[in-house]
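Data block below; observations after.
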Amino acid sequence: MPTALITPVQDRKRLARRLAGSGRGFAEEYGFRVTNNPASLFQVLYLAVLLARRGDFRRALDGARALRDEGWDSPARLARSLHEERVRVLRDSGQRGDVDALAAVLGDLARTVVERYRGDLRRLRSAAHHDPARERALLADLPGIDGQVVDLFLREAQALWREVAPVADRRALTAARRLGLGRSADDLAGLASGGSERLAWLVGALARVDLEHRYGELTGRP
């Protein structure tokens, strides 16, 4: 019996399955649960704020973990923290640059989420009537949130907020192009059979590949 030819499409789908095989997105791979509850969603949001800053992504992860471990795992708790406390925790976690401004932004962000949405980003989603463009606009209207932060947050949240899919951030798209998996979020959605959750796993894995410079282990080339 002749052997079936493996097409480039099959190769891409096989690589996509391999990348998404962990069953975890970017945030979950590094210890941040992505569940549809207020605390989890807010932690993903402030992780996105830290990841959007320049510098080693590991410092961003350390900073987000430090905020969480300090007990500031919800908008209300972070809103009640003192500015000086936030500065201390962020500096101790290795944050660089204008840490004072970062601490102020995080405090403003927490207070605004409490004031507008009673500490629950699911209320933002409801206020947007599950319209992706409106969700993006309401997120971008929060302190410290720009388009890059919105992409990083929705990269994770699309596993839960299915209406926003497909979302792929700049890092994930860079990896996708280098690995021949496509050039857009739509291209990746076509490879991620199983809906927005599997797409979130694939996009998160691609972002990790780029940030951790893991191309060699996937391609056999540096």
Side-chain angles (χ1 to χ4, degrees), residues 24-53 57-95 97-132 134-164 167 169 200 204:
R24 294 186 296 272
F26 183 95
E28 290 198 327
E29 186 68 27
Y30 293 109
F32 291 87
R33 296 185 64 202
V34 181
T35 60
N36 201 30
N37 69 67
S40 172
L41 290 170
F42 187 66
Q43 288 167 40
V44 172
L45 184 61
Y46 66 55
L47 173 61
V49 170
L50 290 166
L51 286 169
R53 302 179 82 224
F57 78 100
R58 294 175 183 82
R59 284 192 185 132
L61 293 164
D62 289 343
R65 291 187 188 107
L67 293 172
R68 182 187 61 193
D69 294 346
E70 191 69 18
W72 303 330
D73 56 354
S74 71
R77 287 173 177 163
L78 185 57
R80 289 194 297 268
S81 66
L82 297 177
H83 176 79
E84 295 76 11
E85 293 175 332
R86 294 193 299 275
V87 170
R88 172 185 55 79
V89 168
L90 290 167
R91 281 192 176 138
D92 288 349
S93 74
Q95 301 310 297
D98 193 344
V99 177
D100 191 79
L102 174 61
V105 164
L106 290 171
D108 289 344
L109 174 61
R111 285 188 292 272
T112 302
V113 172
V114 170
E115 291 164 3
R116 291 185 189 173
Y117 304 111
R118 286 187 273 173
D120 189 346
L121 289 170
R122 295 174 303 182
R123 293 181 182 277
L124 179 151
R125 187 187 185 199
S126 295
H129 302 291
H130 293 206
D131 176 76
R134 184 63 180 152
E135 287 167 351
R136 283 181 169 272
L138 291 178
L139 285 166
D141 195 42
L142 295 170
I145 309 298
D146 59 14
Q148 183 182 1
V149 176
V150 171
D151 280 343
L152 291 169
F153 173 74
L154 293 180
R155 175 185 71 190
E156 310 298 318
Q158 69 184 323
L160 306 166
W161 298 7
R162 299 177 185 274
E163 69 276 5
V164 302
V167 179
D169 66 296

- Query: Among all residues two or more places apart in sequence or in another chain, which pass the side-chain hydrogen bond (donor to acceptor under 3.5 Å, both in side chains) test with Asp146?
  - Reply: none
- Distance-minimising heavy-atom pair for Ala200 and Ala159: CB-CB, 3.9 Å
- Query: salt bridge (charged side-chain N to carboxylate O under 4.0 Å, His left out) with Arg53: which residues, sequence neighbours excluded?
  - Reply: none
Taking only distance into account, with no hydrogens and no angle test, what donor-acceptor pairs under 3.5 Å do side-chain atoms of residues 112-119 form with protein atoms, sequence neighbours excluded?
| residue | atom | partner | partner atom | Å |
| --- | --- | --- | --- | --- |
| Thr112 | OG1 | Asp108 | O | 2.8 |
| Arg116 | NH1 | Asp141 | O | 3.3 |
| Arg116 | NH1 | Asp141 | OD2 | 3.1 |

- Query: Is Glu135 reaching over with its side chain to a backbone N or O of Leu124, donor-acceptor style, under 3.5 angstrom?
  - Reply: no
- Sequence-distant partners of Arg68, salt bridge (charged side-chain N to carboxylate O under 4.0 Å, His left out), two or more places apart: none
- Task: Spell out, as yes or no, whether a donor-acceptor pair under 3.5 Å connects the side chain of Gln43 to the backbone of Phe32.
- Result: no
- Might you work through the side-chain hydrogen bond (donor to acceptor under 3.5 Å, both in side chains) test for Arg33 and Ser40, ending with a clear yes or no? CA-CA 6 Å; Arg33 296 185 64 202; Ser40 172; over 6 Å; no
- Flag the pair Glu163 and Arg134 as a salt bridge only when some basic side-chain nitrogen lies within less than 4.0 angstrom of an acidic carboxylate oxygen. no
- From Tyr46 atom OH to Leu78 atom CG, the distance as rounded to the nearest 0.5 Å: 7.0 Å
Donor-acceptor pairs under 3.5 Å, side chain of residues 149-156 to any protein atom, not counting sequence neighbours: which ones?
| residue | atom | partner | partner atom | Å |
| --- | --- | --- | --- | --- |
| Asp151 | OD1 | Arg136 | NH1 | 2.9 |
| Asp151 | OD1 | Arg136 | NH2 | 3.0 |
| Arg155 | NH1 | Asp169 | OD1 | 3.2 |
| Arg155 | NH1 | Asp169 | OD2 | 3.2 |
| Glu156 | OE1 | Phe26 | N | 3.4 |
| Glu156 | OE1 | Ala27 | N | 3.0 |

- Message: Please report the interatomic distance CZ(Arg125) to NE2(His130), rounded to the nearest 0.5 Å.
- Response: 4.0 Å
- Who are the side-chain hydrogen bond (donor to acceptor under 3.5 Å, both in side chains) partners of Arg77, not counting sequence neighbours? Asp73
